[in-house]
Undergrad: 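Mind looking over this structure? Questions follow.
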There are 2 protein chains.
Amino acid sequence: MSITIQVNANLYLKDPRSSDIGIKMLLEGIDLINALGFEAFTFKKLAQNIHSTEATIYRYFENKHNFLLYLINWYWEIIAYRLILATANIEDTRHKLSNCITVLTGLPDPAQLGFIPDELSLKQLVIQESGKALHTKSVDDENQVGIYLLYKSIVSTVSAYVKQLNPSFPYPEMLISNLIENANQQRFFSVHLPRLTNSTPEKDTVEAFSQLIIQKVLE
Amino acid sequence: MSITIQVNANLYLKDPRSSDIGIKMLLEGIDLINALGFEAFTFKKLAQNIHSTEATIYRYFENKHNFLLYLINWYWEIIAYRLILATANIEDTRHKLSNCITVLTGLPDPAQLGFIPDELSLKQLVIQESGKALHTKSVDDENQVGIYLLYKSIVSTVSAYVKQLNPSFPYPEMLISNLIENANQQRFFSVHLPRLTNSTPEKDTVEAFSQLIIQKVLE
DNA sequence: CAAAAATAATAGTATAACTATCATGATTGA
DNA sequence: TCAATCATGATAGTTATACTATTATTTTTG
C-alpha cells in the first residue's frame, strides 16, 4: 500500500509550518474557528489572538478559504498516517479493512494523540466545517491542482480491500466515502439534532454502525 | 385536490408565496444560488434579477441564511408529500420502506414533477448548499423554533418501518439519516470528485446502493 | 556587521449585509 | 368613489469584511 503524505503547496503562499508564527496561526486558527464558526472567523481576529497582523497572515495564506482547506488537509494527513500504522504488518485483508474503518470512523484513541497539540480540536473542526470547504464553486479548480488527492487515495486504498473481499459488490468507493462522511455527519447530529441518530456523545456508536455495515456488505 | 405546502413561519417576515414578487424571489433565488453558489449570492443581485430592490427582499426575509433555510424547507415539504403518496394504500411494510427509499434517495420521476416550476433546480440547490445551512452556530436556535421538525419527522417515520422489519437492528435513525445525506453527497461527488463514488450523472446508482444497504440490514 | 528577509503598524479600497427614510403606486373597504 | 392603508421603489447611509499597499522596524543569515 502506498499513501503519499504530502502537504499540497497550492494551499499556502508560505509554509506555515516553517515558522513559529505560522504554527501559532494554525493552532490558534483551529480554536478560533471552533469557537466562532467559520463564517464569523476572520484573519483580523486571528491576528489579534496571536499578537500579529492581518498582513502577516496574508503572506502565508491567500484567503481564509485556503486556510480552512489547509487545516482539513492537515487532518487527512494525520488520518493517512494512522491508516499506514493500522495496516502495517497485518496479513489478513479483512482485519486490515476493519482497522481502517476504526481509523476512519472511530474516535481517536487518546493514547495515540500527539501529532499536534490538540488533534481532537482539529477533528471537531472537520466535523463542523469540512462541508463548507467542499461545497463551493471552486471545488473543481481545487481538485485540478490536487487538493483532494489525499482523500481520493484514502478512499481508493480502503475500497480496494472491499473489492478484494467481495468482488461482486458494485459500490466499493461509494461505501467507503459514505462511511467517512457519515461519521462526521452523525457526530454533528448527536450534538445538535439527536433524534436523527442513534449515537450520543456519551456512547458513540458511529464506528459500530460502520463495522456492521461493512460486515453485512461482505456477507 | 389542492395541497398547501407550508413552510415554517419562523423563516420569513412576510410569506413570500403571498405575492407575485415574493414568488419571483423564490424562483429566481433558486436559479441564482445554483448559478453563483450561496457565498456569492446576494440580495442585491437577486433584487436586480427580479427588477426590485434590496429593501423589498428584506421585508420578506431577515437575511440570506433564512432565505436558504426557507428554500431547503420547501424541498422537504415536497419530499414529505411525496412520501405520503408513495406509502398510501400500501399494506406491506417492506414495500412501503422501499418506496420511501426511492423518494428519499432516487431521482424524482420527471412525470411527477410540477409542485413548482423547476423542482430539479431546487433539488440541485439542496445537494449543493444544504450542508451550509445546517453547519452553523445558529443550528440550535433554529432547531429550537422547529425548523428541523419536518426532517426529524421524516427520519422518524421511515426508521419506524426499519424497526418493524428488524427490531434487533440497533441504528435505524442513523441508517435513514445516513442514506438521505449520502444521496446528496454522492451526487455531488459524481459531478466533482468522481473517484469517490460509483455513481455518475449518466448512470445514477445512488438509489440502488441505498436499497441494497436496506436489504442487507434487513436480512 | 551588512544585506536580506520577515513582520508590525497603518492606511486604504471595494463590497456585503444590512437599516432608514421618504415618495409613489396599488389595494381595499366604507 | 375617495381616502386610508399598504407594498414597493428609489436612494442614502452604516458597519464590517476581505482584502491590497506602503513604509518602518525587527530578525535572520551569510
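Order of the sequence lines fixes the chain letters, A, B, ..., with proteins taken first and strands second; residue numbering starts at 1 for each chain.
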Undergrad: Applying side-chain contact (heavy atoms from CB on, under 4.5 Å), name anything that partners A:Gln144, two or more places apart in sequence or on another chain.
TA: none

Undergrad: Distance-only, no hydrogens or angles: does the A:Lys64 side chain make a donor-acceptor pair with backbone N or O of A:Phe38 under 3.5 Å?
TA: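 Pair found, side chain donor or acceptor close to backbone of A:Phe38.
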
Undergrad: For A:Tyr151, give me all partners under ring pair (Phe, Tyr, Trp, His ring centres under 6.0 Å), at least two apart in sequence or on another chain.
TA: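 Partners of A:Tyr151 under the ring pair (Phe, Tyr, Trp, His ring centres under 6.0 Å) test: A:Trp76.
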
Undergrad: Looking only at heavy atoms, what is the nearest atom pair of B:Val145 and B:Asn8, with distance?
TA: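 Heavy atoms only, the tightest pair is O-ND2, 3.5 Å.
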
Undergrad: Between which nucleotides of DNA chain C, 5' to 3', does chain A make heavy-atom contacts below 4.0 Å?
TA: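 It runs C:dA6 to C:dA9.
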
Undergrad: Mind running a 4.0 Å heavy-atom check of residues 53-61 of chain B against DNA chain C and sending the residues that fall below it, in number order?
TA: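 Residues of residues 53-61 of chain B under 4.0 Å from DNA chain C: B:Glu54, B:Ala55, B:Tyr58.
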
Undergrad: Quick one: ring pair (Phe, Tyr, Trp, His ring centres under 6.0 Å) partners of A:His192, sequence neighbours excluded?
TA: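 Here the qualifying residues are A:Phe188.
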
Undergrad: With the side chain counted from C-beta on, respond yes when B:Thr87 and B:Leu97 share a heavy-atom pair under 4.5 Å apart, and no when they do not.
TA: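 With C-beta onward as the side chain, the pair stays apart.
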
Undergrad: Which residues pass the ring pair (Phe, Tyr, Trp, His ring centres under 6.0 Å) test with A:Tyr60, not counting sequence neighbours?
TA: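 Here no residue qualifies.
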
Undergrad: Which pair of heavy atoms, one from B:Thr136 and one from A:Gln128, lies closest together, and at what distance?
TA: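 The pair with the smallest heavy-atom distance is O-NE2, 4.5 Å.
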
Undergrad: Which residues, if any, of residues 130-144 of chain B bring a heavy atom under 4.0 Å of DNA chain C?
TA: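 The stretch gives none, as no residue of it lies under 4.0 Å from the strand.
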
Undergrad: At under 4.0 Å between heavy atoms, how does the protein contact nucleotides 24-30 of chain D? Give one character per nucleotide, 5' to 3', with B, S or -.
TA: -------

Undergrad: Does some side-chain heavy atom of B:Lys132 sit less than 4.5 Å from a side-chain heavy atom of A:His135?
TA: yes

Undergrad: How long is the line joining CD of A:Glu62 and P of D:dC19, in whole Å?
TA: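 Distance, rounded to whole Å: 9 Å.
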
Undergrad: Locate the shortest heavy-atom distance separating B:Leu179 from B:Thr105; write the atom from each residue and the value.
TA: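 Closest approach of B:Leu179 to B:Thr105, heavy atoms only: O-CG2, 3.6 Å.
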
Undergrad: Just to verify, what does B:Ser177 make a side chain to side chain donor-acceptor pair (under 3.5 Å) with, not counting sequence neighbours?
TA: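 In terms of side chain to side chain donor-acceptor pair (under 3.5 Å), with neighbours along the sequence ignored, B:Ser177 is linked to A:Gln186.
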
Undergrad: Using a 4.0 Å cut-off on heavy atoms, which residues in residues 32-49 of chain B reach DNA chain D? List them by number, or say none.
TA: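 None, since no heavy atom is under 4.0 Å.
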
Undergrad: Partners of B:Thr56 by side chain to side chain donor-acceptor pair (under 3.5 Å), sequence neighbours excluded?
TA: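 So B:Thr56 forms a side chain to side chain donor-acceptor pair (under 3.5 Å) with B:Thr53.
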
Undergrad: Tell me, with the steps shown, if A:Lys137 and B:Glu39 meet salt bridge (Lys or Arg N to Asp or Glu O under 4.0 Å).
TA: CA-CA 9 Å; A:Lys137 287 286 159 187; B:Glu39 290 81 6; over 6 Å; no

Undergrad: Does B:Ser121 have any side chain to side chain donor-acceptor pair (under 3.5 Å) partners at least two apart in sequence or in another chain, and if so, which?
TA: B:Asp118

Undergrad: Could you tell me whether A:Arg82 and A:Glu119 have a side-chain N and a carboxylate O separated by less than 4.0 Å?
TA: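 Here A:Arg82 pairs with A:Glu119 in a salt bridge, since their nearest N and O are under 4.0 Å apart.
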
Undergrad: With sugar-phosphate meaning primed atoms plus P, OP1 and OP2, does B:His51 contact a base, only sugar-phosphate, or nothing at under 4.0 Å between heavy atoms?
TA: sugar-phosphate

